[in-house]
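If you read the sequence from its start, that first residue is 1, and numbering goes on from there. What you see is a predicted model, and the numbers here were worked out from it, not measured in a lab.
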Amino acid sequence: SCGSGIKSLLSDRSGTYSMNIPCSFIISRFSRKRNRKGNLMFITNEMIKRIQTVAYDAYKASGQLAALDMSDCPPEALARTLESAAANLEQGAVTMRTLCESLWPALLTLGRRPSLPPLELAGRLEVNEFGQVDYTALNLICNVEEGQEICHLIRPTEGEPGRTVTDQEIPAKSGKSVPLPKGRNTEISEDGTLLVASIAGDVEFTGRSFQVKPVLEIPGNVDFSTGNINFLGDINIHGDVLSGFTVRAMGNIQVAGVVEAGSTVEAGGDLIVVKGILGDGSTVIRAQRSIFSKYIENSTIYVRENLQTDCIVNSQIYSDGEVLVLSGRGTIIGGRIWAAKRINALIVGARSECRTSVQLGGLPCTNFEYELVQRELRLLEMELEKLECQLDSTGKSSLLDKTRMKLSLAELKLKQLESELADIRIEAEEQNTGRLECGVAYPGTEISFGEETLRLRHERRKCAASMVKGEIVVT
(Lines give C-alpha, C1' and ligand atoms only; values in the text may rest on other atoms or scores of the structure.)
Protein backbone atom coordinates (compact mmCIF):
# COMPACT_ATOMS: atom_id res chain seq x y z
CA SER A 1 0.00 0.00 0.00
CA CYS A 2 1.08 3.63 -0.32
CA GLY A 3 2.23 5.87 2.47
CA SER A 4 -1.27 7.07 3.36
CA GLY A 5 -2.41 3.47 3.40
CA ILE A 6 0.31 2.58 5.90
CA LYS A 7 -0.80 5.43 8.11
CA SER A 8 -4.40 4.29 8.19
CA LEU A 9 -3.49 0.69 8.83
CA LEU A 10 -1.06 1.49 11.61
CA SER A 11 -3.68 3.53 13.47
CA ASP A 12 -6.19 0.66 13.30
CA ARG A 13 -6.64 -1.20 16.62
CA SER A 14 -7.34 -4.47 14.93
CA GLY A 15 -3.59 -5.00 14.85
CA THR A 16 -3.36 -6.00 11.19
CA TYR A 17 -0.87 -4.79 8.59
CA SER A 18 -0.71 -5.34 4.84
CA MET A 19 1.82 -8.01 3.94
CA ASN A 20 3.35 -8.18 0.49
CA ILE A 21 7.11 -8.68 0.37
CA PRO A 22 9.99 -8.69 2.90
CA CYS A 23 11.85 -5.49 3.79
CA SER A 24 15.10 -6.63 2.17
CA PHE A 25 13.29 -7.15 -1.15
CA ILE A 26 11.78 -3.65 -0.96
CA ILE A 27 15.17 -2.01 -0.65
CA SER A 28 16.82 -3.95 -3.45
CA ARG A 29 13.90 -3.39 -5.81
CA PHE A 30 13.26 0.33 -5.28
CA SER A 31 16.68 1.65 -4.35
CA ARG A 32 17.06 2.89 -7.93
CA LYS A 33 14.17 3.78 -10.30
CA ARG A 34 12.85 6.48 -12.65
CA ASN A 35 10.10 9.01 -11.93
CA ARG A 36 7.17 9.98 -14.19
CA LYS A 37 9.33 12.30 -16.30
CA GLY A 38 11.86 9.57 -16.91
CA ASN A 39 14.53 11.09 -14.70
CA LEU A 40 16.51 8.64 -12.59
CA MET A 41 15.59 8.96 -8.85
CA PHE A 42 17.88 7.71 -6.08
CA ILE A 43 16.85 6.93 -2.51
CA THR A 44 19.41 8.05 0.03
CA ASN A 45 20.88 5.79 2.74
CA GLU A 46 18.93 7.70 5.38
CA MET A 47 15.65 6.83 3.63
CA ILE A 48 16.68 3.21 3.34
CA LYS A 49 17.44 3.04 7.06
CA ARG A 50 14.15 4.75 7.82
CA ILE A 51 12.26 2.23 5.68
CA GLN A 52 14.04 -0.59 7.50
CA THR A 53 13.15 0.88 10.88
CA VAL A 54 9.47 1.37 10.09
CA ALA A 55 9.12 -2.08 8.52
CA TYR A 56 10.92 -3.77 11.42
CA ASP A 57 8.78 -1.98 14.01
CA ALA A 58 5.66 -3.04 12.18
CA TYR A 59 6.85 -6.64 12.09
CA LYS A 60 7.84 -6.57 15.76
CA ALA A 61 4.48 -5.15 16.87
CA SER A 62 2.21 -7.37 14.77
CA GLY A 63 4.23 -10.37 13.66
CA GLN A 64 3.52 -9.50 10.01
CA LEU A 65 5.53 -7.80 7.27
CA ALA A 66 4.84 -4.33 5.82
CA ALA A 67 5.61 -3.22 2.27
CA LEU A 68 5.86 0.22 0.63
CA ASP A 69 4.79 0.88 -2.94
CA MET A 70 6.73 3.93 -4.16
CA SER A 71 5.78 3.90 -7.81
CA ASP A 72 4.36 7.47 -7.69
CA CYS A 73 5.98 8.77 -4.56
CA PRO A 74 8.73 11.47 -4.75
CA PRO A 75 11.49 11.44 -2.13
CA GLU A 76 10.06 14.42 -0.22
CA ALA A 77 6.64 12.77 0.12
CA LEU A 78 8.27 9.48 1.03
CA ALA A 79 10.16 11.15 3.89
CA ARG A 80 6.97 12.76 5.24
CA THR A 81 5.09 9.47 4.95
CA LEU A 82 7.80 7.60 6.87
CA GLU A 83 7.78 10.13 9.71
CA SER A 84 4.00 9.97 10.03
CA ALA A 85 3.96 6.18 9.76
CA ALA A 86 6.57 5.82 12.47
CA ALA A 87 4.62 8.05 14.87
CA ASN A 88 1.35 6.21 14.25
CA LEU A 89 3.11 2.85 14.49
CA GLU A 90 4.52 3.59 17.96
CA GLN A 91 1.23 4.94 19.28
CA GLY A 92 -0.86 2.15 17.79
CA ALA A 93 1.47 -0.59 19.03
CA VAL A 94 1.51 0.75 22.57
CA THR A 95 -2.26 1.20 22.62
CA MET A 96 -2.90 -2.27 21.22
CA ARG A 97 -0.45 -3.91 23.62
CA THR A 98 -1.92 -2.16 26.68
CA LEU A 99 -5.44 -3.05 25.61
CA CYS A 100 -4.66 -6.75 25.22
CA GLU A 101 -2.76 -6.96 28.50
CA SER A 102 -5.55 -5.35 30.50
CA LEU A 103 -8.48 -7.23 29.00
CA TRP A 104 -7.11 -10.78 28.59
CA PRO A 105 -8.79 -13.26 31.00
CA ALA A 106 -6.91 -13.91 34.24
CA LEU A 107 -5.18 -17.31 34.29
CA LEU A 108 -7.03 -19.75 36.52
CA THR A 109 -5.22 -21.94 39.05
CA LEU A 110 -6.15 -25.61 39.12
CA GLY A 111 -6.17 -27.50 42.38
CA ARG A 112 -3.03 -29.62 42.71
CA ARG A 113 -1.07 -31.60 45.27
CA PRO A 114 2.69 -31.06 45.02
CA SER A 115 5.14 -33.45 46.66
CA LEU A 116 7.41 -32.18 49.38
CA PRO A 117 11.18 -31.86 48.79
CA PRO A 118 12.10 -35.02 50.83
CA LEU A 119 10.06 -37.16 48.42
CA GLU A 120 11.67 -35.56 45.38
CA LEU A 121 15.19 -36.03 46.74
CA ALA A 122 14.84 -39.77 47.30
CA GLY A 123 17.09 -41.78 45.01
CA ARG A 124 19.66 -39.09 44.24
CA LEU A 125 23.40 -39.58 44.53
CA GLU A 126 25.30 -37.08 46.62
CA VAL A 127 28.53 -35.56 45.33
CA ASN A 128 31.03 -34.24 47.87
CA GLU A 129 33.16 -31.15 47.49
CA PHE A 130 35.90 -33.15 45.73
CA GLY A 131 33.52 -34.45 43.06
CA GLN A 132 33.40 -37.97 44.53
CA VAL A 133 30.25 -40.10 44.72
CA ASP A 134 29.56 -42.81 47.31
CA TYR A 135 27.61 -45.45 45.38
CA THR A 136 26.67 -47.26 48.60
CA ALA A 137 24.54 -44.23 49.60
CA LEU A 138 21.70 -44.29 47.07
CA ASN A 139 19.06 -42.61 49.29
CA LEU A 140 16.30 -44.86 47.97
CA ILE A 141 14.23 -44.71 51.15
CA CYS A 142 12.03 -41.74 52.02
CA ASN A 143 11.54 -41.68 55.81
CA VAL A 144 8.70 -39.81 57.48
CA GLU A 145 7.97 -39.43 61.17
CA GLU A 146 4.57 -39.66 62.81
CA GLY A 147 2.62 -36.47 62.16
CA GLN A 148 5.00 -35.28 59.42
CA GLU A 149 3.45 -33.61 56.37
CA ILE A 150 3.53 -35.69 53.21
CA CYS A 151 1.79 -33.30 50.81
CA HIS A 152 -0.50 -30.29 50.92
CA LEU A 153 -3.44 -29.23 48.78
CA ILE A 154 -3.38 -26.00 46.75
CA ARG A 155 -6.91 -24.67 46.53
CA PRO A 156 -8.29 -23.77 43.05
CA THR A 157 -9.03 -20.14 42.24
CA GLU A 158 -11.96 -18.49 40.47
CA GLY A 159 -11.25 -17.19 36.98
CA GLU A 160 -11.83 -13.55 36.05
CA PRO A 161 -13.50 -12.76 32.68
CA GLY A 162 -11.64 -10.63 30.15
CA ARG A 163 -12.48 -8.65 27.04
CA THR A 164 -11.32 -8.77 23.45
CA VAL A 165 -9.85 -5.82 21.57
CA THR A 166 -13.31 -5.30 20.09
CA ASP A 167 -14.70 -4.93 23.66
CA GLN A 168 -16.40 -8.33 23.78
CA GLU A 169 -16.37 -10.35 26.99
CA ILE A 170 -14.23 -13.50 27.19
CA PRO A 171 -15.67 -15.94 29.75
CA ALA A 172 -13.23 -17.46 32.26
CA LYS A 173 -13.14 -21.01 33.60
CA SER A 174 -12.81 -21.70 37.32
CA GLY A 175 -10.30 -24.18 38.72
CA LYS A 176 -11.33 -27.68 39.73
CA SER A 177 -10.62 -29.11 43.15
CA VAL A 178 -8.76 -32.42 43.56
CA PRO A 179 -8.92 -34.83 46.52
CA LEU A 180 -5.92 -35.57 48.71
CA PRO A 181 -4.34 -38.96 47.83
CA LYS A 182 -4.96 -40.65 51.19
CA GLY A 183 -3.63 -44.19 51.57
CA ARG A 184 -2.68 -46.60 54.34
CA ASN A 185 -1.25 -45.12 57.54
CA THR A 186 -2.00 -41.56 56.45
CA GLU A 187 -4.60 -39.07 57.63
CA ILE A 188 -6.00 -35.71 56.52
CA SER A 189 -5.69 -32.63 58.73
CA GLU A 190 -8.72 -30.90 60.21
CA ASP A 191 -8.72 -28.08 57.65
CA GLY A 192 -8.51 -30.64 54.82
CA THR A 193 -5.37 -29.19 53.23
CA LEU A 194 -2.63 -31.45 54.63
CA LEU A 195 -1.90 -35.17 54.31
CA VAL A 196 0.21 -36.38 57.25
CA ALA A 197 1.70 -39.71 58.30
CA SER A 198 -0.06 -41.49 61.15
CA ILE A 199 3.00 -43.68 61.86
CA ALA A 200 6.75 -43.53 61.20
CA GLY A 201 8.02 -45.43 58.19
CA ASP A 202 8.73 -45.36 54.46
CA VAL A 203 6.35 -43.24 52.36
CA GLU A 204 5.54 -44.39 48.84
CA PHE A 205 3.29 -43.08 46.08
CA THR A 206 1.44 -45.89 44.31
CA GLY A 207 0.14 -43.70 41.48
CA ARG A 208 -3.17 -42.95 43.19
CA SER A 209 -2.32 -42.48 46.86
CA PHE A 210 0.46 -42.07 49.40
CA GLN A 211 1.02 -44.86 51.90
CA VAL A 212 3.43 -45.28 54.80
CA LYS A 213 4.98 -48.69 55.39
CA PRO A 214 6.09 -49.44 58.95
CA VAL A 215 8.18 -52.43 57.77
CA LEU A 216 10.74 -52.14 55.00
CA GLU A 217 11.01 -55.33 52.95
CA ILE A 218 14.30 -56.02 51.15
CA PRO A 219 13.62 -58.98 48.83
CA GLY A 220 17.29 -59.80 48.24
CA ASN A 221 20.71 -58.79 49.55
CA VAL A 222 21.80 -55.41 50.83
CA ASP A 223 24.21 -54.53 48.04
CA PHE A 224 24.75 -51.87 45.37
CA SER A 225 21.16 -52.27 44.19
CA THR A 226 19.84 -51.05 47.55
CA GLY A 227 22.75 -49.08 48.94
CA ASN A 228 23.06 -48.31 52.63
CA ILE A 229 19.75 -48.44 54.48
CA ASN A 230 18.61 -45.93 57.09
CA PHE A 231 15.00 -46.50 58.17
CA LEU A 232 12.72 -45.23 60.93
CA GLY A 233 10.74 -48.47 61.28
CA ASP A 234 11.46 -52.21 61.10
CA ILE A 235 13.54 -53.87 58.38
CA ASN A 236 13.14 -57.39 57.04
CA ILE A 237 16.07 -58.47 54.84
CA HIS A 238 15.47 -61.71 52.92
CA GLY A 239 19.10 -62.07 51.87
CA ASP A 240 22.54 -61.14 53.23
CA VAL A 241 24.16 -57.90 54.29
CA LEU A 242 27.20 -57.78 52.02
CA SER A 243 30.61 -56.48 52.99
CA GLY A 244 31.01 -52.71 53.22
CA PHE A 245 27.31 -51.84 53.62
CA THR A 246 25.48 -50.28 56.55
CA VAL A 247 21.97 -51.02 57.82
CA ARG A 248 20.37 -48.78 60.46
CA ALA A 249 16.82 -48.91 61.79
CA MET A 250 14.92 -47.32 64.66
CA GLY A 251 12.97 -50.57 65.09
CA ASN A 252 13.79 -54.24 64.74
CA ILE A 253 16.02 -55.78 62.05
CA GLN A 254 15.71 -59.34 60.77
CA VAL A 255 18.32 -60.77 58.41
CA ALA A 256 17.48 -64.11 56.80
CA GLY A 257 21.04 -64.66 55.63
CA VAL A 258 24.52 -63.70 56.85
CA VAL A 259 26.01 -60.42 57.98
CA GLU A 260 29.32 -60.38 56.13
CA ALA A 261 32.71 -58.98 57.11
CA GLY A 262 33.19 -55.22 57.10
CA SER A 263 29.49 -54.39 57.41
CA THR A 264 27.70 -52.38 60.10
CA VAL A 265 24.25 -53.14 61.49
CA GLU A 266 22.51 -50.95 64.09
CA ALA A 267 19.03 -51.68 65.42
CA GLY A 268 16.92 -49.53 67.73
CA GLY A 269 15.09 -52.70 68.81
CA ASP A 270 15.93 -56.38 68.46
CA LEU A 271 18.32 -57.85 65.89
CA ILE A 272 17.78 -61.34 64.48
CA VAL A 273 20.40 -62.90 62.18
CA VAL A 274 19.24 -66.32 61.03
CA LYS A 275 22.51 -67.63 59.54
CA GLY A 276 25.01 -65.83 61.72
CA ILE A 277 27.54 -62.99 61.79
CA LEU A 278 30.81 -63.62 59.96
CA GLY A 279 33.17 -60.73 60.62
CA ASP A 280 36.80 -59.88 60.01
CA GLY A 281 37.49 -57.76 63.08
CA SER A 282 35.95 -54.59 61.60
CA THR A 283 32.32 -55.73 61.71
CA VAL A 284 30.27 -53.75 64.27
CA ILE A 285 26.81 -54.84 65.41
CA ARG A 286 24.71 -52.71 67.76
CA ALA A 287 21.25 -53.25 69.23
CA GLN A 288 19.35 -51.25 71.82
CA ARG A 289 17.50 -54.38 72.92
CA SER A 290 18.46 -58.05 72.32
CA ILE A 291 20.44 -59.92 69.64
CA PHE A 292 19.70 -63.41 68.37
CA SER A 293 22.21 -64.97 65.98
CA LYS A 294 23.17 -68.46 64.84
CA TYR A 295 26.86 -67.76 65.50
CA ILE A 296 29.20 -64.80 66.01
CA GLU A 297 32.75 -64.75 64.67
CA ASN A 298 35.41 -62.01 64.64
CA SER A 299 32.91 -59.24 65.36
CA THR A 300 32.24 -56.48 67.86
CA ILE A 301 28.81 -56.74 69.47
CA TYR A 302 27.09 -54.01 71.49
CA VAL A 303 23.75 -55.03 73.05
CA ARG A 304 21.76 -53.22 75.72
CA GLU A 305 19.83 -56.28 76.86
CA ASN A 306 20.54 -59.97 76.17
CA LEU A 307 22.59 -61.87 73.61
CA GLN A 308 21.66 -65.40 72.57
CA THR A 309 23.71 -67.49 70.14
CA ASP A 310 25.09 -70.99 69.49
CA CYS A 311 28.77 -70.06 69.29
CA ILE A 312 31.10 -67.09 69.89
CA VAL A 313 34.58 -67.13 68.35
CA ASN A 314 37.22 -64.39 68.78
CA SER A 315 34.68 -61.60 69.29
CA GLN A 316 34.29 -58.58 71.53
CA ILE A 317 30.94 -58.74 73.33
CA TYR A 318 29.50 -55.91 75.45
CA SER A 319 26.13 -56.64 77.07
CA ASP A 320 24.25 -54.79 79.79
CA GLY A 321 22.16 -57.91 80.33
CA GLU A 322 22.94 -61.61 79.90
CA VAL A 323 24.99 -63.62 77.38
CA LEU A 324 23.42 -67.04 76.75
CA VAL A 325 25.34 -69.63 74.72
CA LEU A 326 23.37 -72.78 75.47
CA SER A 327 22.05 -74.09 72.15
CA GLY A 328 24.01 -75.94 69.48
CA ARG A 329 27.70 -76.25 70.36
CA GLY A 330 27.34 -73.65 73.08
CA THR A 331 31.02 -72.64 73.01
CA ILE A 332 32.86 -69.40 73.76
CA ILE A 333 36.37 -69.48 72.29
CA GLY A 334 38.77 -66.53 72.41
CA GLY A 335 37.96 -62.86 72.51
CA ARG A 336 36.40 -60.90 75.33
CA ILE A 337 32.91 -61.40 76.75
CA TRP A 338 31.67 -58.68 79.10
CA ALA A 339 28.19 -58.97 80.61
CA ALA A 340 26.73 -56.90 83.42
CA LYS A 341 24.49 -59.65 84.83
CA ARG A 342 25.24 -63.22 83.75
CA ILE A 343 27.16 -65.38 81.28
CA ASN A 344 25.87 -68.91 80.75
CA ALA A 345 27.57 -71.29 78.29
CA LEU A 346 28.17 -74.97 77.79
CA ILE A 347 31.90 -74.57 77.10
CA VAL A 348 34.22 -71.63 77.85
CA GLY A 349 37.71 -71.68 76.34
CA ALA A 350 39.40 -74.50 74.43
CA ARG A 351 41.69 -77.46 75.03
CA SER A 352 44.51 -75.48 73.37
CA GLU A 353 44.25 -73.07 76.31
CA CYS A 354 43.67 -70.06 74.10
CA ARG A 355 43.03 -66.88 76.04
CA THR A 356 39.34 -66.30 76.64
CA SER A 357 38.44 -63.28 78.76
CA VAL A 358 35.17 -63.29 80.69
CA GLN A 359 34.26 -60.11 82.57
CA LEU A 360 31.21 -59.58 84.75
CA GLY A 361 29.50 -56.57 86.36
CA GLY A 362 30.11 -52.91 85.66
CA LEU A 363 28.87 -50.92 82.67
CA PRO A 364 29.88 -52.79 79.50
CA CYS A 365 28.03 -50.62 76.94
CA THR A 366 29.16 -47.31 78.44
CA ASN A 367 32.75 -48.53 78.50
CA PHE A 368 32.39 -49.68 74.89
CA GLU A 369 31.31 -46.19 73.81
CA TYR A 370 34.20 -44.73 75.80
CA GLU A 371 36.67 -47.01 74.03
CA LEU A 372 35.21 -46.11 70.63
CA VAL A 373 35.58 -42.39 71.30
CA GLN A 374 39.16 -42.91 72.49
CA ARG A 375 39.97 -44.83 69.32
CA GLU A 376 38.35 -42.17 67.16
CA LEU A 377 40.28 -39.47 68.99
CA ARG A 378 43.61 -41.20 68.32
CA LEU A 379 42.80 -41.63 64.64
CA LEU A 380 41.80 -37.97 64.27
CA GLU A 381 45.00 -36.82 65.94
CA MET A 382 47.06 -38.94 63.53
CA GLU A 383 45.09 -37.63 60.55
CA LEU A 384 45.54 -34.03 61.69
CA GLU A 385 49.29 -34.54 62.08
CA LYS A 386 49.55 -35.94 58.54
CA LEU A 387 47.55 -33.06 57.07
CA GLU A 388 49.72 -30.46 58.74
CA CYS A 389 52.82 -32.05 57.17
CA GLN A 390 51.38 -31.89 53.66
CA LEU A 391 52.10 -29.13 51.17
CA ASP A 392 49.63 -26.26 50.88
CA SER A 393 46.80 -26.93 48.41
CA THR A 394 43.23 -25.87 47.71
CA GLY A 395 41.71 -28.77 49.63
CA LYS A 396 44.10 -28.76 52.57
CA SER A 397 42.48 -25.87 54.45
CA SER A 398 38.98 -27.35 54.25
CA LEU A 399 40.22 -30.77 55.36
CA LEU A 400 42.07 -29.22 58.28
CA ASP A 401 38.96 -27.34 59.41
CA LYS A 402 36.80 -30.45 59.22
CA THR A 403 39.33 -32.58 61.08
CA ARG A 404 39.74 -29.99 63.84
CA MET A 405 35.97 -29.78 64.23
CA LYS A 406 35.65 -33.57 64.49
CA LEU A 407 38.51 -33.61 67.00
CA SER A 408 36.86 -31.01 69.22
CA LEU A 409 33.53 -32.88 69.12
CA ALA A 410 35.24 -36.16 70.03
CA GLU A 411 37.04 -34.51 72.98
CA LEU A 412 33.76 -33.05 74.22
CA LYS A 413 32.01 -36.44 73.98
CA LEU A 414 34.93 -38.11 75.79
CA LYS A 415 34.64 -35.69 78.69
CA GLN A 416 30.91 -36.35 78.98
CA LEU A 417 31.45 -40.12 79.06
CA GLU A 418 34.19 -39.75 81.67
CA SER A 419 31.87 -37.79 83.94
CA GLU A 420 29.10 -40.39 83.51
CA LEU A 421 31.48 -43.26 84.28
CA ALA A 422 32.83 -41.50 87.35
CA ASP A 423 29.32 -41.05 88.74
CA ILE A 424 28.14 -44.62 88.15
CA ARG A 425 31.27 -46.78 88.34
CA ILE A 426 31.59 -46.82 92.14
CA GLU A 427 27.99 -47.88 92.65
CA ALA A 428 28.19 -50.54 89.94
CA GLU A 429 31.40 -52.03 91.30
CA GLU A 430 29.98 -52.25 94.82
CA GLN A 431 27.06 -54.35 93.63
CA ASN A 432 29.07 -56.90 91.54
CA THR A 433 26.00 -59.01 90.84
CA GLY A 434 27.52 -60.73 87.80
CA ARG A 435 27.77 -64.51 87.63
CA LEU A 436 29.42 -67.06 85.31
CA GLU A 437 27.84 -70.46 84.79
CA CYS A 438 29.32 -73.07 82.45
CA GLY A 439 29.46 -76.81 81.85
CA VAL A 440 33.21 -76.83 81.12
CA ALA A 441 35.82 -74.12 81.68
CA TYR A 442 39.21 -74.88 80.10
CA PRO A 443 42.59 -73.56 81.26
CA GLY A 444 43.44 -70.14 79.76
CA THR A 445 40.06 -68.70 80.75
CA GLU A 446 40.31 -65.37 82.60
CA ILE A 447 37.46 -64.35 84.90
CA SER A 448 37.27 -60.67 85.93
CA PHE A 449 35.12 -58.69 88.34
CA GLY A 450 36.18 -55.05 88.18
CA GLU A 451 39.90 -54.92 89.05
CA GLU A 452 40.01 -58.52 90.30
CA THR A 453 41.08 -61.21 87.78
CA LEU A 454 41.35 -64.98 88.12
CA ARG A 455 43.09 -67.18 85.52
CA LEU A 456 42.11 -70.83 85.50
CA ARG A 457 45.03 -73.25 85.59
CA HIS A 458 42.99 -76.44 85.48
CA GLU A 459 39.87 -77.64 83.76
CA ARG A 460 36.65 -77.06 85.67
CA ARG A 461 33.32 -78.81 85.05
CA LYS A 462 29.86 -77.62 85.99
CA CYS A 463 31.29 -74.61 87.67
CA ALA A 464 30.03 -71.18 88.65
CA ALA A 465 32.03 -68.06 89.41
CA SER A 466 30.91 -65.06 91.47
CA MET A 467 32.28 -62.30 93.67
CA VAL A 468 32.19 -63.01 97.40
CA LYS A 469 33.61 -60.48 99.89
CA GLY A 470 35.95 -58.92 97.36
CA GLU A 471 37.29 -62.25 96.04
CA ILE A 472 36.42 -64.36 93.00
CA VAL A 473 35.07 -67.74 94.05
CA VAL A 474 34.70 -70.64 91.61
CA THR A 475 32.51 -73.49 92.78
S.K.: Walk me through it: do R248 and E266 pass the test salt bridge (charged side-chain N to carboxylate O under 4.0 Å, His left out)?
M.R.: CA-CA 5 Å; R248 292 186 175 94; E266 298 181 5; 3.2 Å; yes
S.K.: Measure the spacing between CG of N236 and CD of Q254 and express it to the nearest 0.5 Å.
M.R.: 5.0 Å
S.K.: Write down the atom of V212, the atom of A200, and the distance for their closest heavy-atom approach.
M.R.: CG1-C, 4.2 Å
S.K.: To check you understand the geometry: which heavy-atom pair defines the closest contact between D270 and N252, and what is its length?
M.R.: N-OD1, 2.7 Å
S.K.: Any donor-acceptor pair under 3.5 Å linking the side chain of S319 with the backbone of E305?
M.R.: yes
S.K.: Might you confirm whether atom CZ of R455 has over 12 heavy atoms from other residues, nucleotides or ligands at distances under 6.0 Å?
M.R.: yes
S.K.: Has R404 got more than 12 heavy atoms of other residues, nucleotides or ligands less than 6.0 Å from its CZ?
M.R.: yes
S.K.: How are the rings of W338 and Y318 set relative to one another: parallel (under 30°), tilted (30 to 60°) or perpendicular (over 60°)?
M.R.: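 Answer is tilted, since the angle falls between 30° and 60°.
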S.K.: Does CZ in R184 sit with more than 12 non-hydrogen atoms of other residues, nucleotides or ligands closer than 6.0 Å?
M.R.: no
S.K.: Answer yes or no: is there a donor N or O on one side and an acceptor on the other, between the side chain of S448 and the main chain of G450, under 3.5 Å?
M.R.: no
S.K.: Got a sec: does the NZ of K294 have more than 12 other heavy atoms crowding it under 6.0 Å?
M.R.: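 Atom NZ in K294 is not packed in, count stays at 12 or less.
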S.K.: Within a radius of less than 6.0 Å around CD of E385, do more than 12 heavy atoms belonging to other residues, nucleotides or ligands occur?
M.R.: no
S.K.: Report the distance from atom OG of S357 to atom CD1 of I317, rounding to the nearest 0.5 Å.
M.R.: 12.0 Å
S.K.: Applying side chain to side chain contact (heavy atoms under 4.5 Å, CB included), run through I218 and V247 and close with a yes or a no.
M.R.: CA-CA 11 Å; I218 306 297; V247 178; over 6 Å; no
S.K.: Nearest 0.5 Å, what's the CZ-CG distance between R435 and L360?
M.R.: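 Reported to 0.5 Å precision, the distance equals 10.5 Å.
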S.K.: Any chance CD of E145 has more than 12 other-residue heavy atoms, nucleotides or ligands included, within less than 6.0 Å?
M.R.: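 Incorrect, the count does not exceed 12.
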